[in-house]
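Counting convention: from 1, in listed order, for ligands and their atoms alike. Quick note: residue numbers are just sequence positions, from 1.
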Amino acid sequence: MKSVYMDNNATTSLKKEVLDAMMPYYTDIYGNASSKFYKVGRDAEQALYKMRENVAKYIGAPNVNEIYFTGSGCEADNWAIKGIAFANQKKGNHIITTKIEHHAVLNTCEYLEKHGFDVTYLDVDENGFVTPEQVEAAITDKTILVTIMTANNEIGTIEPIKEIAEVTKKHRVIFHTDAVQAIGHMKIDVKELGVDMLSLSAHKFHGPKGVGMLYIRNGIRIDNLIHGGGQERGRRAATENLAGIAGLSKALEIAVTDLDKNVEHCKKMRDRLIKGIKENIPYSRLNGPENEGRMCNNVNFSFQYVEGESILMMLDMKGVAASSGSACASGSLDPSHVLMAIGLPHEIAHGSLRLSVGEDTTEEDVDYVVEVLPPIIQRLRDMSPLYEGVEK
Ligand SMILES: *Cc1c(COP(=O)(O)O)cnc(C)c1O
């Protein structure tokens, strides 16, 4: 049977070159990077330094010691938010974010609310955009942190990070951005963006799962999230996942080097898919920005009168892997918080489908989805009592 992977916003395939870069750290260079008294330990330490240097270079960080490796994107977000909150609570207890963040950010903010922090969840417009003016209006003399994602994982909206950074700088508030979806899909340079902290995760750009990074600009005061040994300059304990970090470093290098080529390819696949769906399925709605400000690989549609979960099951029977809303949110019956935040009514938010293309996606893949999807939607609509009236 045909197999088409259209869930690159959930995770991506591991590249062969990335795996090759990881393998030596599972075999020959097995030393602990903190063991400096013998060669295999020093080899590990030196390799780690080189990887850190490489990562700093490819995100535009001026200093190697501003790069901190973590166990995931979720950990990087948790650390950024809790670490700043607890280190700065004498200064203030107010945090600003948006209603469409990833749960790694939203649930962390909700946790902090139980511990005496006030959180403002900014509204977004019908395409998922937040403005620098909204951020500025929300800042008070108690604000210690603004955390806003670079690109949304469900509807692909790219937020005006650089402009927001100008506002936070003016008011001397720390600015963190979750750039997990952005890497490999747009240019990311922390200096140019002007952010203080930035999270990324290797498995979203063809690296391994279970390894992330937090960029922390020098001079930022932050508490530890993981306490223990002196790794990561005493800020994040745990023996370094050298193979994972090697994978992250290599995957980032490739993602940045091949950026223009991949963006162009993804855009072509994305637009072919959007066009095919619009032309072949009535009562459909593209969620997120039409073109400008949309991530190059994200497609998200709502189909009236059907359930997202049913679409996924029937697509799976045709060999197509996709998602409705965010993979982390599935298992719950609530419609996606992102689709609710852009103002979709419950019943329309429920019938949503996210198809995220990648550099492996081919025109044949897209055409196959455009061929199998319309009859699926039609079959589900034929079973829906709500649709009956519409047809007549
Ligand atoms: C996937 C994702 C995360 C979480 O990253 P993990 O490495 O899977 O923990 C955080 N934020 C966004 C926007 C994501 O898409």
Against Arg272, only a single residue in Glu363, Glu364, Glu279 fulfils salt bridge (charged side-chain N to carboxylate O under 4.0 Å, His left out); can you say which? Glu363

Could you tell me which atoms of ligand 1, counted from 1 in the order shown, lie closer than 4.0 angstrom to a heavy atom of Val180? 1 (C), 2 (C), 3 (C), 10 (C), 11 (N), 12 (C), 14 (C), 15 (O)

Ligand 1 to Ser72, heavy atom cutoff 4.0 Å, flagged ligand atoms 7 (O), 9 (O)

Atoms of ligand 1, numbered as shown, that sit under 4.0 Å from any heavy atom of Lys204: 1 (C), 2 (C), 3 (C), 14 (C), 15 (O)

Salt bridge (charged side-chain N to carboxylate O under 4.0 Å, His left out) partner of Asp196, the single match among Arg172, Arg217, Lys191: Arg217

By number and element, which atoms of ligand 1 are closer than 4.0 Å to a non-hydrogen atom of Asp77? 10 (C), 11 (N)

Between atom CG of Asn107 and atom CG of Leu112, what is the distance when rounded to the nearest 0.5 Å? 11.0 Å

Heavy-atom pairs closer than 4.0 Å: do any link ligand 1 to the side chain of Asn152, the backbone, both, or neither? neither

Test side chain to side chain contact (heavy atoms under 4.5 Å, CB included) on Asp258 and Glu359 and set out the steps. CA-CA 10 Å; Asp258 294 348; Glu359 51 186 270; 5.6 Å; no

For Gly73, take its heavy atoms, then give the atoms of ligand 1 lying under 4.0 Å from any of them. 5 (O), 6 (P), 7 (O), 9 (O)

Using the side-chain hydrogen bond (donor to acceptor under 3.5 Å, both in side chains) definition, which of the options Asn297, Asn9, Asn298, Thr150 pairs with Gln181? Asn9

So is Asn9 polar-close to ligand 1, meaning N/O to N/O under 3.5 Å? no

Phe69 vs Val55, test: side chain to side chain contact (heavy atoms under 4.5 Å, CB included). Steps then yes/no. CA-CA 10 Å; Phe69 295 112; Val55 171; 4.0 Å; yes

Salt-bridged, Lys15 to Glu253, with N to O below 4.0 Å? no

Which ligand 1 atoms, with their elements, are less than 4.0 angstrom from a heavy-atom of Cys74? 4 (C), 5 (O), 6 (P), 9 (O)

Neighbour count above 12 (heavy atom, 6.0 Å) for Arg221 CZ: no

Of all the atoms in ligand 1, which lie at a distance below 4.0 Å from a heavy atom belonging to Asn153? 13 (C), 15 (O)

Ligand 1 to His203, heavy atom cutoff 4.0 Å, flagged ligand atoms 6 (P), 7 (O), 8 (O)

Check: Met149 N/O within less than 3.5 Å of ligand 1 N/O: no

